[in-house]
Amino acid sequence: MKRKHSLFLVPVLGLTMTLAACGDDSDSGSAEENGGGGGESAGRIGVILPDTESSVRWESADRPALEAAFEEAGVEYDIQNAEGDAERMTQIADTMIGNGATVLAIVSLDSESGAAIQEKAASQGVATIDYDRLTLGGSAEYYVSFDNTVVGELQGQGLADCLGDKKANIVYLNGSPTDNNATLFSEGAHSVLDEMDNYTVVGEQAVPDWDNEEAATIFQQLYTAANGKVDGVLAANDGLAGAAISILEGAGQAGKVPVTGQDATAEGLQNILAGTQCMTVYKSATQEAGALAEAAIALVNGEEAETTGTTEDTEGGRDVPSILLEPQSITKDNVGDVIEDGGANVEDVCTGEFADLCAEAGIS
Ligand code: BGC
């Protein structure tokens with residue numbers, strides 16, 4: 001995979017668009033309706049999020065960040081969620097195009113359906129962007145995401161830091177086989193952990209659709225097959241981490257077996273403060289949404305977006321111009337950074353039993 005380790009962040013929203021006057025809490029917005037508008041672009045941007053189950057991030061972090069980015073840029077937008085259903089995503093795409101979308105950004109549920117949506121859009125003169133997940137064999141003009149191999153590397157290094165030099169048995173709970181990111185996360189983690197000869201992989205499985213309930217069943221099976229001799233868990237996101245932790249709790253091992261995660265969700269951060277999860281990876285939705293808005297507006301205006309490099313589409317055999325952002329490793333020591341950056345709300349993290357843990361960690 002040809003990839004650029006981009007250690008600088010793209011300047012997001014360096015645009016001279018008219019600001020919208022106020023927010024709106026509906027799915028779609030129009031700068032003109034809101035008193036803004038009049039900017040250079042006359043486009044309408046459609047975004048289709050994948051689901052509400054594989055991670056809380058899509059509705060709790062991405063949607064508000066996308067709304068804010070589009071409002072600030074003064075463009076019309078429509079954000080919908082496919083609820084984990086590829087057919088539904090296809091129908092939403094058709095409707096958005098019918099309603100005059102000029103740029104369509106999707107988080108593919110699987111590459112086949114994503115590529116079909118993009119092909120159809122292109123045939124109708126609508127430009128597409130891959131948001132967060134690369135559609136293999138797709139035709140998106142841009143790919144906006146984080147460096148997902150680095151995400152996996154941070155998870156691998158995070159687990160190694162939590163385990164230390166001792167001999168340890170590791171179980172991998174990978175993301176959905178239909179999500180190219182899941183492949184990159186796992187590759188990144190392996191590239192770090194496979195180099196260390198004190199660790200043994202005693203189980204590894206992908207979780208279809210990142211389904212948290214299925215993850216618990218899968219982890220239970222892997223745990224039993226390893227006779228409970230599991231010292232560390234490489235879980236690909238906070239939802240899968242939560243599933244593993246629930247099984248470890250039942251076995252009286254929660255807090256003794258480090259578990260990784262991703263997305264810096266409120267629950268993930270709480271687990272870190274409680275000591276049942278060893279780390280997570282924070283990917284600022286504000287940055288990612290801002291980068292998407294910038295790329296989309298460039299397309300609307302017939303201009304080129306500023307990219308950080310290209311990403312090889314191994315199925316389509318092409319290099320997709322990409323804007324890849326830098327993920328950040330989060331442990332107990334820097335949970336507060338996520339909150340300070342606006343990635344999580346103190347009210348969501350520091351509730352009930354977590355209030356004291358927050359105070360101890362200096363988070364208020
Ligand atoms: C995203 C992760 C997310 C996962 C499940 C991945 O493609 O990059 O942030 O946790 O999908 O939705």
Side-chain angles (χ1 to χ4, degrees), residues 3 47-66 81-86 89 105-111 113-114 129-136 138 140 143-155 158 172-189 206-215 218 234-244 259-269 271 277 279-289 291-292 311 322-330 338 343-344:
R3 227 169 15 84
V47 183
I48 316 180
L49 301 172
D51 61 66
T52 55
E53 305 279 329
S54 67
S55 172
V56 294
R57 65 165 279 188
W58 305 114
E59 289 298 326
S60 72
D62 291 82
R63 182 187 289 275
L66 288 162
N81 192 309
E83 309 283 354
D85 181 344
M89 188 178 288
I106 59 169
V107 185
S108 283
L109 285 165
D110 64 88
S111 283
S113 65
I129 300 176
D130 274 329
Y131 184 60
D132 200 72
R133 299 176 181 165
L134 183 71
T135 302
L136 299 176
Y143 174 42
V144 174
S145 192
F146 282 79
D147 190 324
N148 293 302
T149 307
V150 172
V151 170
E153 289 167 5
L154 293 177
Q155 292 173 327
Y172 281 69
L173 212 43
N174 295 328
S176 180
T178 54
D179 178 352
N180 182 59
N181 284 349
T183 310
L184 302 179
F185 300 149
S186 164
E187 280 173 6
V207 178
D209 302 325
W210 296 87
D211 184 303
N212 290 193
E213 269 173 44
E214 208 171 331
I218 291 171
L234 196 299
N237 77 358
D238 287 356
L240 303 189
V259 180
T260 65
Q262 173 180 192
D263 289 344
T265 62
E267 196 188 334
L269 296 174
N271 288 340
Q277 188 172 326
M279 60 88 68
T280 188
V281 177
Y282 174 50
K283 304 187 299 185
S284 159
T286 304
Q287 281 182 19
E288 197 173 7
L292 174 65
T311 307
S322 304
I323 297 123
L324 298 186
L325 303 157
E326 190 190 351
Q328 192 190 344
S329 184
I330 301 296
V338 180

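Both ligands and their constituent atoms are indexed starting at 1 by order of listing.
Among residues two or more places apart in sequence or in another chain, the side-chain contact (heavy atoms from CB on, under 4.5 Å) test is passed with Ala243 by Ala215, Ala216.
For Trp58 and Asn81, the side-chain atoms include no donor-acceptor pair closer than 3.5 Å. Side-chain polar atoms of Ser55 and Asn237 form no donor-acceptor pair below 3.5 angstrom.
Just one residue in the list Asp110, Asp179, Asn180, Asn181 forms a side-chain hydrogen bond (donor to acceptor under 3.5 Å, both in side chains) with Arg133, and that residue is Asp179.
Looking only at side-chain heavy atoms (C-beta outward), Glu267 and Thr280 stay at 4.5 Å or farther from each other.
Nearest heavy atoms, Thr260 versus Gln155: CG2-O, 3.5 Å.
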Provide, line by line, the atom pairs where ligand 1 and the protein bring an N/O atom each to a distance under 3.5 Å; else say none.
unit_1   : atom_1 : unit_2 : atom_2 : d
ligand 1 : 7 (O)  : Asp132 : OD2    : 3.4
ligand 1 : 7 (O)  : Arg133 : NE     : 2.8
ligand 1 : 7 (O)  : Asp179 : OD2    : 2.6
ligand 1 : 7 (O)  : Asn181 : ND2    : 2.9
ligand 1 : 8 (O)  : Asp132 : OD2    : 2.6
ligand 1 : 8 (O)  : Asn181 : ND2    : 3.2
ligand 1 : 8 (O)  : Lys283 : NZ     : 2.9
ligand 1 : 9 (O)  : Arg57  : NH1    : 2.8
ligand 1 : 9 (O)  : Asp263 : OD1    : 2.7
ligand 1 : 9 (O)  : Lys283 : NZ     : 3.0
ligand 1 : 10 (O) : Asn237 : ND2    : 2.9
ligand 1 : 10 (O) : Asp263 : OD2    : 2.6
ligand 1 : 11 (O) : Arg133 : NH2    : 2.9
ligand 1 : 11 (O) : Asp179 : OD2    : 3.4
ligand 1 : 12 (O) : Ser54  : OG     : 2.5
ligand 1 : 12 (O) : Trp58  : NE1    : 2.9
ligand 1 : 12 (O) : Arg133 : NH2    : 3.2

